[in-house]
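Bear in mind that the values here come from a model prediction, so they are computed numbers and not experimental data. As a basis for the values below, the full set of heavy atoms in this structure was taken, side chains included, without hydrogen atoms, waters or symmetry mates. Chain letters run A, B, ... following the sequence lines, proteins first, then strands; residues in each count from 1.
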Amino acid sequence: MQDYLIDLNEQQKAAVLHTDGPLMIVAGAGSGKTKVLTTRIAHLMSLGVDAFRILALTFTNKAAAEMKERIGNILGNSEAKNLYIGTFHSVFARILRAEAQKLGYPANFTIYDTDDAKSLLKSIINARDLDDKFYKPNYVLNRISAAKNRLISPAAYLQDHNIQQEDARSNRPLMGQLYEEYTARCFKNGAMDFDDLLYKMYQLLKQFPETLAKYQHKFRYILIDEYQDTNLAQYQIIKLLAAVHENICVVGDDAQSIYSFRGATIDNIMRFQDDYEAVKVIKLEQNYRSTQSIIKVANTVISNNKRQIPKNLWTSNEVGEKIRLVRTLTDNDEGRFIADAIAEQKLRNHYANKDFAILYRTNAQSRSFEENLRRMNIAYRIYGGLSFYQRKEIKDFMAYLRLIVNPQDEEALKRIINYPARGIGKSSIERITIAANESNATFWEILQEPHRAGLKGASGAAVENFVVMIKSFQSMLGKENAYDVAYAVGKHTQIVKELYNDKSVEGLARYENIQELLNSIKEYTETPNEDGELEADKSLGSYLQQISLLTDADKDKDDDQDVVKLMTIHAAKGLEFPCVFAVGMEENIFPSVMSLYDREDLEEERRLFYVVITRARHRLWLSFSNSRYRFGSLVQNDPSRFIEEVPEEYLDRSFAGMGNKKSGYGSTLFSKGAEKDTSHKDSANSDLKKIVAQQQSASATHTPSVNFKPSDPATLEQGMKVEHQRFGYGIIQQLEGSIHNRIAIIKFENGTGEKKIMLQYAKLMVVE
DNA sequence: CTTTACCCACTTTTT
DNA sequence: GTGGGTAAAG
């Protein structure tokens, strides 16, 4: 084992050696926070503390994996694998899986991601015939999420006067009922959403004292990373777990609290000292990452915030270069400038691609950088955005797997019951839903006896076939591993075949995605489990449990690829890069338009600005554009107010000249404006055309005669004159198709010309 | 019942 | 520019 204390400064050493009792480490950006946490855990273990009794909670799987690895390196043995290190969500999911029955959940409960939750809410809102102008699934989900993060149950929500008034005032009086029904439906489906993983964990500890005692005893040492980003639910759970030993160590930086939209409250870190009597506070103020210029700028910027723990971040690194301010006229120019700058820096200062990061406020901003990097042949990778697991084809495939493991999961069931199309349409699904509600059974139960929903004939048979197929997959669960079941799903459902036959570019990509999913499942079943505690469980159930908490960033292990990294500032937290481009520094974007009217929100944006500044080690660029396309139309934003907060002496404005220095820019702007005008004319023009077309088709639409009565399709013959309900009168030119699907080619009188009419559906009356 | 075509709302940030 | 939901056509 290395002498792990040797390269720690005094404060870091103090934090490592303070093993027992509550400890708060206020760790400035780049002050060696992760090093302290990992060394502290290694130190505990070298003192003889059993790895099984140490709990460390982080916010990303990546941070957790990194910690595990670094501890392993310090200790030089495999003991680190026994540590309970993970995100709040994954650690709690694991515990909940073991304790699920206590709460009435199946051990194989499904974890709903945001999309699943929204679609469930949508169906609840639709079923109640509510106006989706007010009850937007997104809004409703956020409201429910906020309630859960504040540990407010549906019952408490309905009883709370303030909340009720708030909802009434915003024209959403039924919010509480929606919360109640959503909760009930999730329970019935055997599903928990992300917030439930915290909320139910709290319930579990609160309702079952012996369970609480068990975990209180088990976790003798608790460490929390990014404490400034915890919400009330997380706070209360930690408080319960730590109550006996009080060996709790939290690490955080109030200046980097950027997740209030997820319910995080800066109060938790501000009040930590009041929560525990014997608390020790250690501040890590020396920054090892950045140049003096960068640190100075960061400090100045953050001092504009009112609420913060006083600290003085400093560095003994070199002064470094000024921060470069870049101004361009269009978003595409911004992308081009930065791609050029990267190429230039690579030559001039011998940087590699991986030394650069382009960081933006919103995912939608990535396009112009992608295009220009591609043009310059610079390798890049986008982190975040639409995740692999959010793609439609992946969600469809996963829905099969989810249903097999948990047939209660109605969302999964409805997603794939008719995909690929197998003749179970909207009306059949409706019948089943009604039957299920009436007899208080689950959707799946009704499916097994389709006659209870009045389904017979073709649709009844289709349902029966579907059930037989799913059951055959289920019978594999006990004996086969995750890959074998998934392979069978691929083989026996038509999904893979259908995608394979789709030769379009998108179809090919989808096919490859399914292929990739199958490969990753295979890899999962063939890799030995890391968890020392759990048996090597390679079942489909355990696969699903862990996959639903994984994000894109966790998927790629080859982190060392030589590529420029593009991601949101949020995603960049905890990372560092030699060269950072903070782009889109414009009002309404950064700070976001959503945060302009509230002091708290604005301060959070400023903390976000602080975060992006402190990602840079050597060089930092701030860029903004006079105009950019958003949504197809051109918008113009002022430079971000945050730029003005950067002290002038650290700012290099030589790239921020007005566009008039270069000829052509002015005219570009002008022609863009002109284009916009014509496009307006165009759209007005096409609107007009549409109206004309509508009127024409309206006059072409036939009003059926009073005595219209469809004739039996079997009696139709070539040459007959018939009446169609909408197309009017016509002559049958030809009849073709099989007995079951007869098609008539009819020439209509009113200029609509020849049409193929499927007799199965169309109603035709013989005139003569 | 299924497929296609158009229309609209959507953009903070994430486990 | 995009994905999902709806209406119309087959």
Side-chain angles (χ1 to χ4, degrees), chain A residues 57-64 86-93 111-115 117-119 122 126 132-133 136-138 142 145 149 193-198 226 229-231 234 258-264 359-365 367 383-387 390-392 418-429 458-459 462 506 548-554 567-573 584 588-596 601 604-605 607-608 611 629-633 690 697 701 724 726-727 737 741-745 752 755-762:
Chain A
L57 297 172
T58 65
F59 270 80
T60 63
N61 294 300
K62 204 172 169 186
T87 63
F88 281 89
H89 291 84
S90 69
V91 167
F92 294 169
I111 297 174
Y112 278 172
D113 67 14
T114 312
D115 291 331
K118 267 188 238 169
S119 86
K122 196 175 287 172
N126 285 342
D132 56 9
K133 281 275 176 300
K136 290 185 186 138
N138 226 334
N142 280 335
S145 168
N149 286 330
D193 64 18
F194 287 143
D195 301 310
D196 282 330
L197 295 177
L198 309 179
E226 309 279 14
D229 285 326
T230 51
N231 59 36
Q234 289 162 326
I258 53 174
Y259 280 100
S260 73
F261 68 92
R262 214 166 70 188
L359 306 180
Y360 34 75
R361 180 65 181 82
T362 68
N363 282 307
Q365 285 165 258
R367 174 162 288 124
Y383 291 77
L386 190 62
S387 130
Q390 282 173 292
R391 288 165 208 267
K392 185 186 174 301
N418 199 32
Y419 178 79
R422 55 171 69 84
I424 308 176
K426 216 169 106 188
S427 62
S428 301
I429 291 172
S459 40
E506 304 85 36
S548 43
L549 292 169
L550 231 52
T551 55
D552 245 16
D554 309 316
M567 65 185 93
T568 64
I569 302 171
H570 281 87
K573 191 162 81 150
N588 300 325
I589 292 179
F590 192 16
S592 153
V593 67
M594 315 291 286
S595 64
L596 297 181
D601 290 344
E604 177 148 322
E605 294 285 307
R607 291 194 292 270
L608 203 50
V611 168
Y629 277 96
R630 228 183 157 191
F631 242 142
S633 66
K690 255 180 254 159
S697 75
T701 302
H724 185 275
R726 230 148 18 89
F727 303 132
N741 188 16
R742 254 173 122 212
I743 294 167
I745 300 177
T752 15
K755 281 192 186 300
K756 288 184 175 180
I757 305 289
M758 293 172 82
L759 301 179
Q760 214 177 336
Y761 307 118

With a 4.0 Å limit, can you tell me whether Asn231(A) has a side-chain N or O closer than that to the phosphate oxygens OP1/OP2 of dT15(B)? no
Think Asn418(A) has a side-chain N or O under 4.0 angstrom from the OP1 or OP2 of dC1(B)? no
Spacing between [X] atom [atom1] and [N] atom [atom2], to the nearest angstrom:
X         : N       : atom1 : atom2 : value
Phe261(A) : dT11(B) : CZ    : C1'   : 13 Å
Arg262(A) : dT13(B) : CZ    : C1'   : 10 Å
Asp115(A) : dT14(B) : CG    : C1'   : 12 Å
Lys122(A) : dG3(C)  : NZ    : C1'   : 10 Å
Asn126(A) : dG4(C)  : CG    : C1'   : 13 Å
Tyr112(A) : dT15(B) : OH    : C1'   : 18 Å
Asp196(A) : dT15(B) : CG    : C1'   : 13 Å
Asn149(A) : dT15(B) : CG    : P     : 14 Å

Once you measure the plane-to-plane angle for His570(A) and Phe261(A), does it fall in the parallel (<30°), tilted (30-60°) or perpendicular (>60°) bin? perpendicular
Given that Asp195(A) and Lys136(A) both sit by DNA chain B, which one's nearest nucleotide is further toward the 5' end? Lys136(A)
Could you say whether Ile258(A) or Ser428(A) is positioned toward the 5' end of DNA chain B, judged by the nucleotide with the nearest heavy atom to each? Ser428(A)
State which of [options] makes the closest approach to the side chain of [X].
X         : options                  : value
Asn138(A) : dT14(B), dT11(B), dC1(B) : dT11(B)
Ala421(A) : dG1(C), dT2(B), dT15(B)  : dT2(B)
Ser427(A) : dG4(C), dT15(B), dC1(B)  : dC1(B)
His570(A) : dT13(B), dT15(B), dT2(B) : dT13(B)
Asn363(A) : dG4(C), dT14(B), dT15(B) : dT14(B)
Thr114(A) : dT13(B), dG5(C), dT15(B) : dT15(B)

Donor-acceptor pair between Ser592(A) and Ser595(A) side chains, under 3.5 angstrom: no
Of Arg367(A) and Lys392(A), whose closest DNA chain C nucleotide lies nearer the 5' terminus? Arg367(A)
What contact category does Phe59(A) fall into here, base, sugar-phosphate, or nothing, at under 4.0 angstrom with non-hydrogen atoms? sugar-phosphate
So what does Tyr259(A) hit on the nucleic acid, given a heavy-atom distance under 4.0 Å: a base, only sugar-phosphate, or nothing? sugar-phosphate
Nearest-0.5 Å distance that lies between atom [atom1] in [X] and atom [atom2] in [Y]:
X         : Y         : atom1 : atom2 : value
Leu549(A) : Ser90(A)  : CG    : OG    : 6.0 Å
Ser260(A) : Asn231(A) : OG    : CG    : 11.0 Å
Phe92(A)  : Leu198(A) : CZ    : CG    : 6.5 Å
Lys122(A) : Asp115(A) : NZ    : CG    : 9.5 Å

Counting Watson-Crick and G-U wobble pairs with both distances under 3.5 Å, what is the dot-bracket string for DNA chain C, 5' to 3', using [ ] for crossing pairs and | for pairs to another strand? .|||||||||
Side-chain touch Asn149(A)/Asp195(A), heavy atoms, less than 4.5 angstrom: yes
Note, Met567(A) side chain near Leu359(A) side chain (heavy atom, < 4.5 Å): yes
Whom does dT13(B) pair with, Watson-Crick or G-U wobble, provided both distances fall under 3.5 Å? none
